[in-house]
Amino acid sequence: MNKPLKTVVAFALAFTAAGLFATSGNAKADIIDVPGATKSIPQVNAGNVLTNYDSSDLKDINNTSPVGNMDRKYNQGTIDPNVDNPGDTFATTSATTTTANSFKTQWFLPDGFNVTDYQHGNFQSVALDDSGNVYFVESNGSDTNLGVIIKFDTNKLKQLGLENDPMALWKAFNYFNPYTEDGIAHNNQYDDLYESMKDSFKDVKSLSSQLATVKSDMNDLRNAKRTAQSKLKKASSTTKKHLTAVLKSNATQSAADQKKAAALEKKAASAQSQIDKLKSKNPDLFKNIEVAETAQLSPQVDIGHGQTLTFNPQNKHLYLVEDNTLTDLRNRDENNNVLEIDPNTMDPIRQYNFKMFQGTKGNLQLHTLAFDKNGNAYWGRKNGMGYMIFYGRLDENGVKFAAAPEKLKTRGGSPNQGVAFNNVNNRIYVVSDDVLTSIPIDKLVAGTATPDDVNYSVFQSKREWECLAFDSQGYGHLLALWPAELMKTTAPLN
């Protein structure tokens, strides 16, 4: 039987959590609620949304790119649970044409967020919103095309002092992993403690509610007192007599309320002390609960390749490309599918279905996506050893795309790991293993970009780079494998 972990609010003395914990070997996702299947949502069938173009009409930006990791051979590491791992740092090389920078581990990601027993740390995307939340796409397993989106409130993680604790998320979710013997044991420990603490939880919650009411009454009395004292100075003798009586009654009631508040605080402190005694018996359990409580899950959805989760700053929604093929679409009857998600509820709210015809046969498949602050949408694809960008819109008001009139002649990496938009410098970034290539979007769309406008940041991590996202200060946040980790630049990217 799963038991909800109650929220205790009195005086910020107790931990907060809102998940469900397993108590037997019949394990399921536990620390945070896992919603059911995706509900039926509105479908936007947009037809062909691409302005046709002739590849020969596109102008080459005759750039010469430095080379990142072209061979798709990666160094894979593991995390030792017995060591407090400080994380990795990958610095730019001398081939970088911009200011020197580094990616440094912010958090290692766990083996999974305990959604299914297929989990193996296969995270495919990272996205940031403008309210202090970070989102990851976790695949439920190879070839399933299913996964979930995990939202973390980084403001809460900062309050817990974990902003720069690389092992915090890894420890919390592995601690309660219901697919391991240790995880089941930890969930059972919680179950036992919950039974011992639930009466104290109820007492603290009830006393907190009563105390809040009394303090509200006390505040009303203080306001009434100030009003009466102000009127007393200018009042007639008859009115003064009435106001004096009001103030006397006010003082009597205030004294009674203060006494009542003190009694409630004493009772709440006593109940809280019982909680604290039990918490002290297993501090690791409660610390990990606090960390896990900062997360929220979406329903299981079709994530496709899973590598294209992005945030639209204009309408404040998330978008996930459901690209179930790694090539273009097989024929002109098939659609690109993009899921729009409300980040507050984590529920899908709309699905876009559209085609992108190029020439007489092609039906292009979307594999990348990014938005600028005005809601303009961008995606990119390989073009031989170069790269081309498309621009347009993808929102509730319509879907349309056109090819930028210029394309990069060379790119520095083999895989097309994504595109990202930096709203601080208005540049779009092409992400490949160990190399970031950026170009000012205004010049690219206008067809006036030159090789001197192209910036390169080159690294030697020999890791697989899955996704890049930017915060409001222009810092880059990189999702890298293996092990899965979120890395952040030590300075804004330019």
Side-chain angles (χ1 to χ4, degrees), residues 17-21 28-38 106-129 131-141 144-158 160 162-163 165-179 183 288-311 317-322 339-348 466-467 469 471 477-481 483-488:
L20 297 175
F21 289 74
K28 57 182 288 187
D30 299 299
I31 296 179
I32 47 182
D33 288 321
V34 179
T38 305
Q106 186 169 14
W107 291 300
F108 286 108
L109 302 183
D111 292 342
F113 289 105
N114 308 332
V115 177
T116 75
D117 56 3
Y118 291 107
Q119 64 185 26
H120 55 286
N122 187 11
F123 299 95
Q124 292 291 308
S125 287
V126 63
L128 305 173
D129 66 18
S131 300
N133 300 299
V134 60
Y135 305 81
F136 300 101
V137 174
E138 179 191 2
S139 170
N140 286 2
T144 66
N145 289 332
L146 291 174
V148 294
I149 302 169
I150 304 93
K151 171 185 178 180
F152 279 96
D153 186 335
T154 59
N155 293 319
K156 289 182 180 179
L157 289 170
K158 290 177 184 177
L160 294 172
L162 303 176
E163 182 182 14
D165 182 351
M167 295 290 284
L169 302 186
W170 188 91
K171 286 180 177 178
F173 285 89
N174 284 357
Y175 187 88
F176 288 110
N177 185 344
Y179 310 111
N288 289 321
I289 288 171
E290 288 182 316
V291 176
E293 193 270 335
T294 65
Q296 181 182 355
L297 286 178
S298 76
Q300 290 194 49
V301 296
D302 179 355
I303 64 168
H305 188 206
Q307 205 167 333
T308 308
L309 180 71
T310 188
F311 178 72
H317 288 167
L318 296 167
Y319 287 74
L320 176 66
V321 177
E322 300 170 302
L339 201 62
E340 185 178 354
I341 298 165
D342 184 338
N344 296 311
T345 64
M346 295 301 289
D347 286 328
E466 292 290 347
C467 190
D471 62 25
H477 297 251
L478 173 73
L479 176 62
L481 299 178
E485 58 183 303
L486 178 65
M487 310 189 79
K488 181 180 177 180

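Start at 1 with the first residue, then count along the sequence.
The shortest side-chain heavy-atom distance between Asp471 and Lys488 falls under the 4.5 Å cut-off. By the 4.5 Å heavy-atom criterion applied to side chains, Asp342 and Asp347 are not counted as neighbours. In this structure, Phe176 and Val291 have side chains that are not in contact, with every pair of non-hydrogen atoms separated by 4.5 Å or more. The closest side-chain heavy-atom distance from Glu163 to Thr154 is not below 4.5 Å. Within the 4.5 Å cutoff, the side chain of Trp170 has heavy atoms near those of the Asp111 side chain. By the 4.5 Å heavy-atom criterion applied to side chains, Pro348 and Val301 are counted as neighbours. Side-chain contact between Asp165 and Leu157 is absent, with no heavy-atom pair separated by less than 4.5 Å. A heavy-atom distance below 4.5 Å is found between the side chains of His477 and Leu486.
The structure places CD of Glu485 at 11.0 Å from CE of Met167, a figure rounded to the nearest 0.5 Å. Atom-to-atom distance recorded for Glu322:CD and Thr308:OG1 is 11.0 Å, nearest 0.5 angstrom. With rounding to the nearest 0.5 Å, the separation of CD1 in Ile149 from CG in Leu318 is 6.0 Å. With rounding to the nearest 0.5 Å, the separation of CE in Met487 from CG in Leu479 is 10.5 Å.
Glu290 approaches Leu160 most closely through the heavy-atom pair O-CD1, 3.6 Å. Contact between Phe108 and Pro483 at its shortest, heavy atoms only, is CE2-CG, 4.0 Å.
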- Task: Show the numbers, then the answer: is there a side chain to side chain contact (heavy atoms under 4.5 Å, CB included) between Met346 and Leu297?
- Result: CA-CA 7 Å; Met346 295 301 289; Leu297 286 178; over 6 Å; no
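By the 30° and 60° cut-offs, the orientation of the rings of Phe136 relative to Phe113 is parallel.
At distances below 3.5 Å, not a single donor-acceptor pair connects side-chain atoms of Lys151 with backbone N or O atoms of Asn133. Listed for the Gln307 side chain is no donor-acceptor partner under 3.5 Å among the backbone atoms of Val137. At least one donor-acceptor pair closer than 3.5 Å links the side chain of Trp107 to the backbone N or O of Leu162. Of the possible polar contacts, none joining the Ser298 side chain to the Val148 backbone as a donor-acceptor pair under 3.5 Å is found. A donor-acceptor contact shorter than 3.5 Å is absent between the side chain of Thr294 and the backbone of Phe152.
Applying the ring pair (Phe, Tyr, Trp, His ring centres under 6.0 Å) test to Tyr135 and every residue at least two apart in sequence or in another chain returns nothing.
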